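What follows is a short report on a single structure.
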Amino acid sequence: MTDPQKRILVIDDSSAIHKDVLRILCPEHKTDSGELDLLEDALFGMSSSSKRAAAAEFEVDSAFQGQEGLAKVKEAQSAGHPYELVFLDYRMPPGWNGVETLRHLRQVAPSLRVVLCSAYCDYTWEDIRREFGESDLLLELRKPFNSQKLRQLALELTGAQHA
């Protein structure tokens, strides 16, 4: 019997970020090997951590605003198939920002692991930690993110590296 897929939700207003995360975490689902993809494979190859990520078979879902993300988290919980990890952007105009979204997520899923991601933030990490507390359930990843760092976080935070 195979392990169930590790469910990850990306909440970000940029479709390019969704595509990047899917490409990094689900390399076996590449539908188009463009010239840049072929160059990347030629230059960097498939690392052992990338092979482990492919073996983990992540299921990556997308939400483009905080309200949509909250609805997906609630729906997944109701269906008995909750997300294990959320990558959450700090800035998502015109809707809720990442901190506001996190407030709502904590009300419905207090133990959900969240990685806040952005190149810009209107809050200091100290302010965020003061509001949400010191916890391994909340981490920060600055954009532009390193693909190996993103993959490693996903593996560690979902327990996939031990699967």
Side-chain angles (χ1 to χ4, degrees), residues 5-41 43-44 46-47 49-54 56-76 81-106 108-109 112-125 127-129 132 136-161:
Q5 291 180 324
K6 306 297 183 178
R7 297 194 75 214
I8 295 174
L9 178 62
V10 178
I11 307 174
D12 197 299
D13 61 328
S14 169
S15 62
I17 295 296
H18 292 268
K19 288 176 187 174
D20 285 345
V21 171
L22 189 62
R23 178 183 55 81
I24 292 165
L25 297 181
C26 303
E28 72 278 7
H29 289 116
K30 277 188 181 179
T31 57
D32 180 19
S33 290
E35 194 172 323
L36 285 176
D37 289 334
L38 294 174
L39 276 172
E40 182 180 5
D41 290 343
L43 286 172
F44 303 111
M46 185 93 151
S47 69
S49 62
S50 179
K51 290 175 187 170
R52 284 194 306 271
E57 296 184 279
F58 289 109
E59 178 184 332
V60 178
D61 288 336
S62 293
F64 292 87
Q65 290 291 306
Q67 295 91 330
E68 180 187 7
L70 178 64
K72 286 191 174 212
V73 167
K74 287 179 177 179
E75 181 182 314
H81 197 47
Y83 293 102
E84 295 184 49
L85 176 62
V86 171
F87 286 100
L88 175 60
D89 190 16
Y90 276 112
R91 288 187 173 177
M92 297 176 287
W96 296 339
N97 65 25
V99 172
E100 183 66 21
T101 302
L102 183 58
R103 287 181 188 123
H104 290 277
L105 290 174
R106 285 293 180 248
V108 300
L112 180 62
R113 295 182 191 280
V114 175
V115 177
L116 285 165
C117 307
S118 191
Y120 306 100
C121 181
D122 299 323
Y123 302 86
T124 68
W125 187 241
D127 290 340
I128 292 168
R129 287 295 207 178
F132 296 101
D136 63 350
L137 297 176
L138 183 61
L139 298 169
E140 182 179 48
L141 180 63
R142 302 300 279 170
K143 292 179 186 176
F145 50 78
N146 174 293
S147 61
Q148 288 180 322
K149 178 67 173 171
L150 180 111
R151 184 182 307 113
Q152 189 61 35
L153 276 172
L155 288 166
E156 289 174 7
L157 296 176
T158 63
Q161 70 181 8

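Here the structure is a predicted model, which is why all the values come from computation and not from measurement.
Shown here are the side-chain hydrogen bond (donor to acceptor under 3.5 Å, both in side chains) partners of Glu100, two or more places apart in sequence or in another chain: Arg103, His104. With sequence neighbours excluded, the residues forming a ring-ring contact (aromatic ring centres under 6.0 Å, His included) with Phe64 are His18, listed by chain and number. Remark: His81 engages no residue in a ring-ring contact (aromatic ring centres under 6.0 Å, His included) (not counting sequence neighbours). In this structure, Ser15 has no side-chain hydrogen bond (donor to acceptor under 3.5 Å, both in side chains) partners at least two apart in sequence or on a different chain.
Between the OG1 atom of Thr158 and the CD1 atom of Ile8 there is a distance of 5.5 Å, given to the nearest 0.5 Å. Taken to the nearest 0.5 Å, the CG atom of Asp20 stands 8.0 Å off from the OG atom of Ser14. Taking OG from Ser62 and CG from Leu9, the interatomic distance works out to 7.5 Å, rounded to the nearest 0.5 Å. Once rounded to the nearest 0.5 Å, the distance linking CZ of Arg113 with CG of Leu153 reads 11.0 Å. With values rounded to the nearest 0.5 angstrom, Arg151 atom CZ is found 8.5 Å from Asn146 atom CG. Summarising the geometry, atom OG1 belonging to Thr101 is positioned 8.0 Å from atom CG belonging to Leu70; distances are rounded to the nearest 0.5 Å.
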Side-chain atoms of residues 84-95: list all donor-acceptor pairs with protein atoms under 3.5 Å, sequence neighbours left out, distances to 0.1 Å.
unit_1 : atom_1 : unit_2 : atom_2 : d
Asp89  : OD1    : Lys143 : NZ     : 3.3
Tyr90  : OH     : Glu140 : OE2    : 2.7
Arg91  : NH2    : Asp122 : OD1    : 2.6

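Taking the side chain as every heavy atom from C-beta outward, Leu102 and Leu116 approach each other to under 4.5 Å. Leu137 has its side chain out of reach of Phe132: every pair of non-hydrogen atoms, C-beta onward, lies at least 4.5 Å apart. Between Leu150 and Leu25, some side-chain heavy-atom pair lies under the 4.5 Å cut-off. At least one side-chain heavy atom of Val114 sits under 4.5 Å from a side-chain heavy atom of Arg106. Between Leu22 and Val10 there is no side-chain heavy-atom pair separated by less than 4.5 Å. Using a 4.5 Å cut-off on side-chain heavy atoms (C-beta onward), Ile24 and Phe145 make contact. Counting heavy atoms from C-beta on, the side chains of Gln65 and Asp13 come closer than 4.5 Å. Trp125 is listed as a side-chain neighbour of Leu138, based on a closest heavy-atom distance under 4.5 Å.
Taking all atoms of both residues into account, the shortest heavy-atom contact from Gln5 to Phe58 is NE2-O, 4.3 Å. Counting all heavy atoms, side chain and backbone alike, Ala76 lies closest to Arg7 at CB-NH1, 3.4 Å.
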side-chain hydrogen bond (donor to acceptor under 3.5 Å, both in side chains) between Glu156 and Gln152, intermediate numbers included: CA-CA 6 Å; Glu156 289 174 7; Gln152 189 61 35; 2.9 Å; yes

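Pairs of residues two or more places apart, or lying in two chains, never qualify as salt bridge (charged side-chain N to carboxylate O under 4.0 Å, His left out) while including a residue from residues 64-75.
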